[in-house]
Protein chains: 2
Amino acid sequence: MEHRTVSLAEQVFERLENEILSGKFPRGTVLTEMNLVTELGVSRTPIREAIHRLEQEHVIETTTKGILILGVTKKDLRDIFEIRLRIEGLASAEAAKRITDEELAELRESLELQEFYVPKNDPEHVRGMDSLFHRLIYRFSGNTALCDALLPLHKKVMKYRLASVSNHSRASSSAKEHRMIYEAIAAHDPAAAEARTVEHIKNAMEHILKETNE
Amino acid sequence: MEHRTVSLAEQVFERLENEILSGKFPRGTVLTEMNLVTELGVSRTPIREAIHRLEQEHVIETTTKGILILGVTKKDLRDIFEIRLRIEGLASAEAAKRITDEELAELRESLELQEFYVPKNDPEHVRGMDSLFHRLIYRFSGNTALCDALLPLHKKVMKYRLASVSNHSRASSSAKEHRMIYEAIAAHDPAAAEARTVEHIKNAMEHILKETNE
DNA sequence: CTTTTCAGAATTGTATACAATTATACCAGA
DNA sequence: TCTGGTATAATTGTATACAATTCTGAAAAG
């Protein structure tokens, strides 16, 4: 068997997670391991590993009839923002304290790419850079537990965030808010970084919850 | 093969998680799947499943040489409390809003058992009931994402919490603080439940960080 | 004595065969 | 027609065999 730097199990996990959180399978859909074996062309072993990881994230449930797709409901969304409002500012504040110049450059690059894509009306890429910006801050906070808590929450908003940044006016405001956060972090100002992040999450929440009908 | 209501994989996961978070394997220890096969007497399959779940929680890391034990450092502990301070009050507030009489009875029972064990100087049982109390509140918050975020954080403090409640004076204060929280939830008073919970976490943090030398 | 190379030993990743339970559908009887 | 039971199919849980890489140590060359 050839060498793969990333295992089949990891690939299957990322693909399934992405498909489920993008809304490809409606809530209530039931898949089976054999479905996935034939569809993905790998054996049950890596599929089972991916399934178990998704189950731990409460994105699916395994039943006697197969794999039940849970996805993310609007209630989940409200619950998630309630939490992010309380801890995402902490990540920015910590990042502002400890970020290095190299990390800052990486953060700036993701921001500039986002600003590049906004006027192009390219929601997919805007969302990609938007996500990257947040994830980099999680990582640069230097708080592993915070990263572990925020990352799943952030991923679960993916589908709704695409709809949000498809609105050009919101995409534009979001990029501006990111720049404000970036400036505070670059200035190593934890209080400003935190306040601006909380404000940003609040705006994102209002926009997403308003636009979401489900 | 006989029927088991709980799978081998689940049993292995709970056992390994408990052993690692109790400090049985010092940070840096390297295990292998075959070690665990011979020690636990099951095949690699359920062991691998448990390993992957532990890896997702960042309690271990898999390397080319085997399974590297990470455990929970004092830095992790500070990071964890920083987060709990910000969201554990939310769980209590939500629970105060929506808890049912049956759930309230369950919560009261765990509290009364804790109060029963404190004067007996039985740290293991005190910790068990202490943990149960917190977990019940997470569940009764009705916020799945919050539950998913808090449960791993709470589990990771396990080892340090045992040392803490082994101090009789702290065990006694902790039980009193729990009762205050319980009364606020029973009175369906979210603001009081939240404030008392934050105070409780703050006290627990101070005590645990002071007692911990690592 | 040191360094490099190569063989084998150890380890994880993957596939598959088997076990056991559970769901389903069909048939018989009331 | 409805109800109950039984056999078969479908599903997940577990064990094991195999593949591929990586580590280790010893031997040979300098």
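Only heavy atoms go into these numbers, but all of them, side chains included; no hydrogens, no water, no symmetry mates. Being a predicted model, the structure only gives us computed values, none of them experimental. Below, read A as the first sequence line, B as the second, and so on, with proteins coming before strands; counting in each chain starts at 1.
Regarding A:Glu61, its CD atom lies at a distance of 18 Å from the P atom of D:dT11, rounded to whole Å. Rounding to whole angstrom units, CD1 of residue A:Ile51 and C1' of D:dG13 are separated by 14 Å. Rounded to whole Å, atom C1' of D:dT11 lies 15 Å from atom CG of A:Leu68. Atom CD of B:Glu49 and atom P of C:dT14 are 15 Å apart (whole Å).
Among the candidates B:Lys24, B:Lys155, B:Lys156, B:Arg53, the single residue satisfying the salt bridge (charged side-chain N to carboxylate O under 4.0 Å, His left out) test with B:Glu17 is B:Lys155.
Closest to the side chain of B:His52, from the set C:dG13, D:dG13, C:dA15, is C:dG13.
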From CA spacing to verdict: side chain to side chain contact (heavy atoms under 4.5 Å, CB included), B:Ile87, B:Leu146
CA-CA 8 Å; B:Ile87 59 176; B:Leu146 190 54; 4.0 Å; yes
Check nucleotides 8-12 of chain C for protein N or O atoms closer than 3.5 Å to its own N or O atoms and list the pairs.
residue: C:dT12; atom: OP2; partner: B:Glu33; partner atom: N; Å: 3.3

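The salt bridge (Lys or Arg N to Asp or Glu O under 4.0 Å) check on B:Lys65 picks up nothing, with sequence neighbours excluded.
Using a 4.0 Å cut-off between charged nitrogen and carboxylate oxygen, A:Glu194 and B:Arg86 count as a salt-bridge pair.
Residue B:Thr45 places no side-chain N or O under 4.0 Å from the OP1 or OP2 atom of D:dT14.
Residue pairs that meet the salt bridge (Lys or Arg N to Asp or Glu O under 4.0 Å) test with at least one member in residues 134-152 of chain A, sequence neighbours left out, are A:Glu106-A:Arg139.
For B:His178 and B:His200, the gap between ring centers is short of 6.0 Å.
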